[in-house]
Number of protein chains: 2
Amino acid sequence: MTTRWLTATQQKAWRSYLLGSAKLMERLDRDLRSIGLSMPEYEILVRLSEAPERTLRMTELAQSVHHSRSRLTHTINRMESAGLVERVSCPSDGRGVLARLTAKGYDTLVDAAPMHVAGVRETFVDVVSADDFATIGRAFEAVAAHADRIGQNRQPSTPAAADDALESGC
Amino acid sequence: MTTRWLTATQQKAWRSYLLGSAKLMERLDRDLRSIGLSMPEYEILVRLSEAPERTLRMTELAQSVHHSRSRLTHTINRMESAGLVERVSCPSDGRGVLARLTAKGYDTLVDAAPMHVAGVRETFVDVVSADDFATIGRAFEAVAAHADRIGQNRQPSTPAAADDALESGC
DNA sequence: CCGGAATAGTTGACAGTTCAACTAGGTTCC
DNA sequence: GGAACCTAGTTGAACTGTCAACTATTCCGG
């Protein structure tokens, strides 16, 4: 099968997306770093703050922020050293570990949230129209759902004979 | 000033965006990794392939893929060891270094591109409507442009007194 | 031209992520 | 009730990215 390359317009849109989202994340990360947090850590604080008892099983938390279990272990290690969370062993499952937000962790989130939300607004929400923002939300919801659907039984995506000349690599 | 939190709808859109784009990048990266490349490396190959002589100054290349100069140095080191690019000293500027795509680098790109483009389509372009995709392109173009504009003379974004209670950290 | 400032690129230490291997506690089923 | 298997979480090594410090060259004002 011959490759369906992106049109010039699609390619431009794709590159704008890559660039814009990189700059967006960069800015938000930089903001958070000024108070000693990173984006992934901030998201963990948010998820825990919303959970009953401000506590979640490691695996649930990992799924919720979409990290690997290993990555979460490392991150929680760092956050535990910083006193933001603590580990509690799970009463109902001997294998399980609960991550619980400490008071300090909660305070840190309360400190960080206004700045973070302001950053999200200033660099994103208030930069695009309300309609466009809603469209982005719907579109990426579909992207996430679709990724799950095909994520199951997927072949390694055709090792791909270079059956045609390079046209536009995106 | 009291924080303008995100509405529930905005928050949902924001989280969908975070999740969807994470899954998207994850998939594309995984595809490329099956032939020994990463997203950043792939983008470098593309930029070089499009440049006259398949050659760019390090700094131009860094700006083009939006990496720090340091990051580019490290990445080009790895790619040079892999034989994908080579360094040439710049004739017109004694400080300068040119990165040039090798034949092997070009072949690698020709191999990778069909799979990569197929991945971009399958997980993104063909998942959302053409209109939505165009909207995303325009929106993130604006985000990128705005980030540049405020990136210049920006105060560290108000260290922010926690002047109000936590409502929704995004 | 000479001295200071700016620019190009590299370096090495550190922080964060991934990956594969591992421990340990549950589940199933005969 | 125990063998085989599955799930939860951790570990450590390898890899990637960041940051601040450094070298080398060019630019610019006097």
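Given the structure is predicted, the values throughout are model-derived calculations rather than measurements.
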Measure from the side chain of A/Asp93, starting at C-beta and using heavy atoms only, and say which of D/dT25, C/dG9, C/dG25 lies closest.
C/dG25
From C-beta outward on A/Arg95, which listed nucleotide comes closest to its side chain: D/dG9, C/dG9, D/dA8?
D/dA8
Under 3.5 Å, is there a donor-acceptor pair between the B/Thr123 and B/Arg27 side chains?
no
Would the number of heavy atoms belonging to other residues, nucleotides or ligands and lying under 6.0 Å from CZ of A/Arg57 be above 12?
yes
Check the phosphate of D/dT10 against A/Arg87, side-chain N and O only, distance under 4.0 Å to OP1 or OP2. Yes or no?
yes
Would you kindly give the [atom1]-to-[atom2] distance between [X] and [N], to the nearest whole Å?
X	N	atom1	atom2	result
B/Glu60	C/dT7	CD	C1'	14 Å
A/Met25	D/dT18	CE	P	14 Å
A/Asp29	C/dT17	CG	C1'	14 Å
A/Met39	D/dT18	CE	P	15 Å
B/Glu41	D/dG17	CD	P	8 Å
B/Gln63	C/dT7	CD	P	12 Å
A/Arg57	C/dG25	CZ	P	14 Å

What residues 65-81 of chain B contributes to the DNA chain C interface at heavy-atom separation below 4.0 Å is B/Arg69, B/Ser70, B/Thr73, B/His74
Min side-chain heavy-atom separation A/Glu80-A/Thr102 under 4.5 Å
no
Does A/Ile35 reach the side chain of A/Thr108, with side-chain heavy atoms less than 4.5 Å apart?
no
Sorted by position of nearest nucleotide on DNA chain C, 5' first, the leading residue of B/Gly96 and A/Pro40 is B/Gly96
Give a yes or no on whether a salt bridge exists between [X] and [Y], defined as a side-chain N under 4.0 angstrom from a carboxylate O.
X	Y	value
A/Arg4	B/Asp126	yes
A/Arg47	A/Glu60	no
B/Glu50	A/Arg15	yes

